[in-house]
Amino acid sequence: MKILGVETSCDETAAAVLRGARQVLSNAVYSQVALHGPHGGIVPETAARAHLEHLPRILREAVAQSGCAWEEIDRIAVTRGPGLAGALITGLSAARGLALRLDRPLSLVNHVEAHLLSPFLSPAAPDPEAFLPAPALVVSGGHTVLYLLRAPGDAVLLGQTLDDAAGEAFDKAARLLGLGYPGGPAIARIAEGASPGPIRFPTGRPRPGTRSLGGLHAEFCWSFSGLKTALMRYLHEHPPRGTDAVARIAAAFQEAIVTAIVERCAAVVRHSGIRRLLAGGGVIVNARLRKALGDWAAEEGIALLLAPSRYCGDNAAMIAAAAALGAGIDGDAAMKLDIAPSWTVGTP
Ligand code: KG4
Ligand code: ZN
């Protein structure tokens, strides 16, 4: 079974061909970072227009690099949401057109669910049936969520951020530090090898005594707005002089986010009693975070499955994989349903 995946939910125009759920035959990604960078964030209409311009080329590239002919594609999978409306419409229209032209079935995939399942794209990963159920973390520019993933297509929300996503917090902090967009890679780069010294930023723990936040266990939730305020205040009180000073602050900021993420994962594993964890999403590419999660897992004897770095940021291989694992909406509905810009995992 060969699946062509299409992803256009945000600022990556991506297409990939997979054989089954694991074997990635091609993975083409055009990143729009250079287009949005000067604006300090994603401009939705620019993103949609760029998808329109680049998707035909990326689709041809993915199919050509896979070594398959168009006729050999057995299914098309596409992101239906969540994401930017104009961006999603571009990908869904192209995918539906291809499904009609090739007379092949279409699957609609939830972007966050694809990140949840992306750790299984690792060649060394066990099969989902052998690893699930397990707590699963997604940390990206738009989402910071913890689910109990019972099976592909069957996830229960355990925790989430109450305000900014971790990637968004990185992006805002980088702007405050004058490091450009996207902020995650910029902060990771400057913080590499730097020590925070005595600088400590808050990790957004719930107030003592708070048990539940919006119906979720308080210990499984994040808040990154206090961290941003703390950084603003610190910069106001100690304006950094020189690159080394900026690097120390960036390292302290990164450390606070890494600690916040590891703490919540540890709480979920402790409470669920399931000694396994999956993690994916754009921020999981962060080397410090990968190391901290790895150290914690090794110390506690937790089976940790991280998404391979090349499938952390937005890509279409994870979309095709999610469809292959049965997590997509298939059948007639896939040819009829509209895009879903705020689609939550586990809802229709
Ligand atoms: O998953 P993704 O590509 O898009 C969304 O679905 O949001 O994630 C993008 C996010 C951005 O906020 C970016 O700053 C962050 O991932 N990011 C990083 C790193 N590389 C990308 N954050 C921390 N460290 C990195 N090395
Ligand atoms: Zn994403």
Side-chain angles (χ1 to χ4, degrees), residues 5-14 16 27 29-33 36-37 40-42 44 47 51 78-84 87-88 91 109-119 121 136-145 160-161 164-177 179-192 194 222 224 227-228 250-251 253-262 279-293 306-319 321-322 341-345:
V6 181
E7 155 63 41
T8 64
S9 67
C10 195
D11 62 343
E12 264 87 31
T13 311
N27 183 40
V29 182
Y30 163 70
S31 166
Q32 302 178 7
V33 157
H36 302 290
I42 298 164
H51 288 309
V78 64
T79 307
R80 177 187 174 224
L84 303 167
L88 290 166
V109 171
N110 182 296
H111 179 91
V112 175
E113 189 153 27
H115 276 304
L116 283 173
L117 291 164
S118 64
L121 277 168
L137 166 77
V138 171
V139 200
S140 73
H143 300 88
T144 302
V145 282
Q160 63 185 350
T161 177
D164 290 349
E168 206 176 348
F170 269 116
D171 293 337
K172 288 180 179 172
R175 203 174 309 155
L176 290 171
L177 291 166
L179 295 175
Y181 177 87
I187 289 188
R189 214 174 299 123
I190 195 167
E192 203 188 332
W222 293 266
F224 291 112
L227 173 58
K228 192 186 64 188
F253 183 87
Q254 175 173 263
E255 215 46 42
I257 293 200
V258 166
T259 305
I261 291 169
V262 177
V283 179
I284 295 292
V285 86
N286 184 285
R288 177 71 196 105
L289 178 57
R290 292 180 87 85
K291 169 136 189 359
L293 282 169
L306 296 175
S309 293
R310 64 184 172 289
Y311 305 125
C312 282
D314 288 348
N315 67 87
M318 67 178 190
I319 303 301
S342 11
W343 191 13
T344 309
V345 174

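Counting starts at 1 for both ligands and their atoms, following the listed order. What you see is a predicted model, and the numbers here were worked out from it, not measured in a lab.
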Top protein contact for atom 3 (O) of ligand 1, by heavy-atom distance: Asp314 N, 3.1 Å
Sub-4.0 Å heavy-atom approach of Pro185 to ligand 1: yes
Atom name of the N, O or S atom in Asp314 that lies nearest to the Zn ion (ligand 2): OD1
Which residue and heavy atom of the protein sit nearest atom 16 (O) of ligand 1, plus the separation: Gly282 C, 3.5 Å
Within reach of ligand 1, part of His143 (heavy-atom separation under 4.0 Å): neither
Protein heavy-atom partner closest to atom 9 (C) of ligand 1 - residue, atom, separation in Å: Gly141 N, 3.6 Å
Distance-only N or O hit between ligand 1 and Gly167, under 3.5 Å: yes
Ligand 1 N/O within reach of Gly313 N/O, cut-off under 3.5 Å: no
Which of the ligand 1 atoms, numbered from 1, are nearer than 4.0 Å to a heavy atom of Ser140: 1 (O), 5 (C), 6 (O), 7 (O), 8 (O)
Val285 neighbourhood, listing ligand 1 atoms whose heavy-atom distance to it stays under 4.0 Å: 19 (C), 20 (N), 25 (C), 26 (N)
Heavy-atom side-chain proximity of His143 to Pro82 below 4.5 angstrom: yes
Per-residue contact class, His115 against ligand 1 - non-hydrogen pairs under 4.0 Å: side chain
